[in-house]
Amino acid sequence: MNAESRPALKPVESAIGPVQAMVAVFMRDVRVAFRQRQDLLNPLLFFIMVVTLFPLGVSPEVAFLKQSGAGILWVAALLSVLLSLDHLFRHDFDDGTLEQLILQPQPLFLLILAKTLAHWILTGLPLVLLTPVLGIMVHLDGNSVAILCLTLLIGTPVLSLIGAIGAALTLGLRSAGVLLSLLIIPLYIPVLIFGTGTVAAAAEGAPVAGYLALMGAFLVLALTLAPFAAAAALRISMSNS
């Protein structure tokens, strides 16, 4: 899609508050995403294909799928989010909108938070909504599916927030997708471990409140620090471009 067909980011007057600016950025990203439907569908199709093909390539046995189903879904969701991160700032960088975003009088970290929220609504939330169907397909019981959906609901925003830092750092670089994966995947490992560990504990009848509390702490920490780090990384990338 060329720059003329994309909705321009209008200069935000200083009289408009940060909340209104965040809403404007959020709504613009949603409109742009629905004009580029292939970017929306690719992570979802990838998620479905990985979960569907894994039993065919490894083992279709019910006992195996019950034991590893949560891990399969979590890894597939992590890779699907990672697949979509390269587009978080790329299109705005290509058409010059990102420079306008940085020049806005509102705090940049709040505008990045709005963009990251839009990314999660369009990418992470659909993965959570698809999880019950795919969870039944890998023979997870109802309680495990419910806990898995809850962990993904808490964990996928963390993936988007951490990913925004990597997307900002690798903006404008060659082989940005490979560098993004190398930077971000190690930071995703704790979320993956606690996400799958919560479902495993629920399947064994153990209490999961501690696991969920730790995942909630990850989310709060990411919401607090990631927008500032992404804003700083974005300024560095734009100054070097």
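Count residues from 1 along the sequence.
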Quiz prompt | Side-chain hydrophobic cluster, 4.5 Å single linkage: members besides L221 | solution = L225
Quiz item: What residues form a ring-ring contact (aromatic ring centres under 6.0 Å, His included) with H87, not counting sequence neighbours?
Solution: H91
Quiz item: Is the closest side-chain heavy-atom distance between F93 and E99 below 4.5 Å?
Solution: no
Quiz item: Are L153 and V220 linked, directly or through other ILVMFWY residues, by side chains that come within less than 4.5 angstrom of each other?
Solution: no
Quiz item: Could you give the distance from CG (L113) to CG (L223), rounded to the nearest 0.5 Å?
Solution: 6.5 Å
Self-check item: Nearest non-hydrogen partners of S181 and L82, listed with the distance
Solution: OG-CD2, 3.7 Å
Quiz item: With sequence neighbours excluded, what pairs up with D141 under the side chain to side chain donor-acceptor pair (under 3.5 Å) test?
Solution: S144
Quiz item: Are side-chain heavy atoms of I112 and F89 found at a separation under 4.5 Å?
Solution: yes
Quiz item: How far does OG of S84 sit from CZ of F47, to the nearest 0.5 angstrom?
Solution: 12.5 Å
Quiz item: OG/S160 to CG/L88 distance, rounded to the nearest 0.5 angstrom?
Solution: 8.0 Å
Could you give the side-chain donor-acceptor pairs of residues 124-134 under 3.5 Å, partners two or more places apart or in another chain?
residue	atom	partner	partner atom	Å
T131	OG1	L127	O	2.7

Quiz item: If you round to the nearest 0.5 Å, how far is CG of L169 from CD1 of I165?
Solution: 7.5 Å
Quiz item: What salt bridge (Lys or Arg N to Asp or Glu O under 4.0 Å) pairs are there with at least one residue in residues 201-220, not counting sequence neighbours?
Solution: none
Quiz item: So, for A21 and Q106, which heavy atoms are closest and what is the spacing to 0.1 Å?
Solution: CB-CG, 3.6 Å
Practice problem: Grab the two heavy atoms, one from A226 and one from L161, that are nearest each other, plus how far apart they are. | Solution: CB-O, 3.6 Å
Quiz item: In the single-linkage hydrophobic clustering (I, L, V, M, F, W, Y; side-chain heavy atoms under 4.5 Å), do L40 and M27 co-cluster?
Solution: yes
Quiz prompt | Members sharing L41's hydrophobic cluster (side chains within less than 4.5 Å) | solution = L45
Tabulate below the donor-acceptor pairs under 3.5 Å that side-chain atoms of residues 67-77 make, not counting sequence neighbours, or state none.
residue	atom	partner	partner atom	Å
S68	OG	F64	O	2.8
W74	NE1	T151	OG1	3.2

Quiz item: Do the non-hydrogen side-chain atoms of L148 and T196 ever get within less than 4.5 Å of each other?
Solution: no
Quiz item: What distance do I147 atom CD1 and L212 atom CG have between them, rounded to the nearest 0.5 Å?
Solution: 6.0 Å
Quiz item: Hey, which of L182, V178, L183 is the one that makes side chain to side chain contact (heavy atoms under 4.5 Å, CB included) with T170?
Solution: L183
Quiz item: Among pairs that include at least one residue of residues 140-193, which meet ring pair (Phe, Tyr, Trp, His ring centres under 6.0 Å), considering only residues two or more places apart or in two chains?
Solution: none
Quiz item: Side chains of R28 and T97: does their closest heavy-atom pair fall under 4.5 Å?
Solution: yes
Exercise. Report the hydrophobic cluster partners of I193, with the cluster defined as I, L, V, M, F, W, Y residues connected by side-chain heavy atoms closer than 4.5 angstrom, directly or transitively.
Key: I189
Practice problem: State, to 0.1 Å, how close V208 and A202 come at their nearest heavy-atom pair, and which atoms those are. | Solution: CG1-N, 3.6 Å
Exercise. With rounding to the nearest 0.5 Å, note down the distance linking CG in L98 to CG in L103.
Key: 10.0 Å
Quiz prompt | Nearest atoms (heavy-atom pairs only) where M22 meets L111 | solution = N-CD2, 4.2 Å
Quiz prompt | Selection residues 98-132 - residue pairs positive for ring pair (Phe, Tyr, Trp, His ring centres under 6.0 Å), sequence neighbours left out | solution = F109-F228
Quiz item: Can you list every ring pair (Phe, Tyr, Trp, His ring centres under 6.0 Å) pair that touches residues 129-154, not counting sequence neighbours?
Solution: none
Quiz item: Residues two or more places apart in sequence or in another chain: which of them pass ring-ring contact (aromatic ring centres under 6.0 Å, His included) with F218?
Solution: F194
Quiz item: Side-chain contact, heavy-atom cut-off 4.5 Å: L101 with D92?
Solution: no
Exercise. Go through V138 and V51 one step at a time and tell me if the side-chain contact (heavy atoms from CB on, under 4.5 Å) criterion holds.
Key: CA-CA 8 Å; V138 295; V51 177; 4.1 Å; yes
Self-check item: Over all atoms of both residues, closest heavy-atom pair of P190 and P186
Solution: CD-O, 3.7 Å
Quiz prompt | Flag, side chain of S237 to backbone of A168, donor-acceptor distance under 3.5 Å | solution = yes
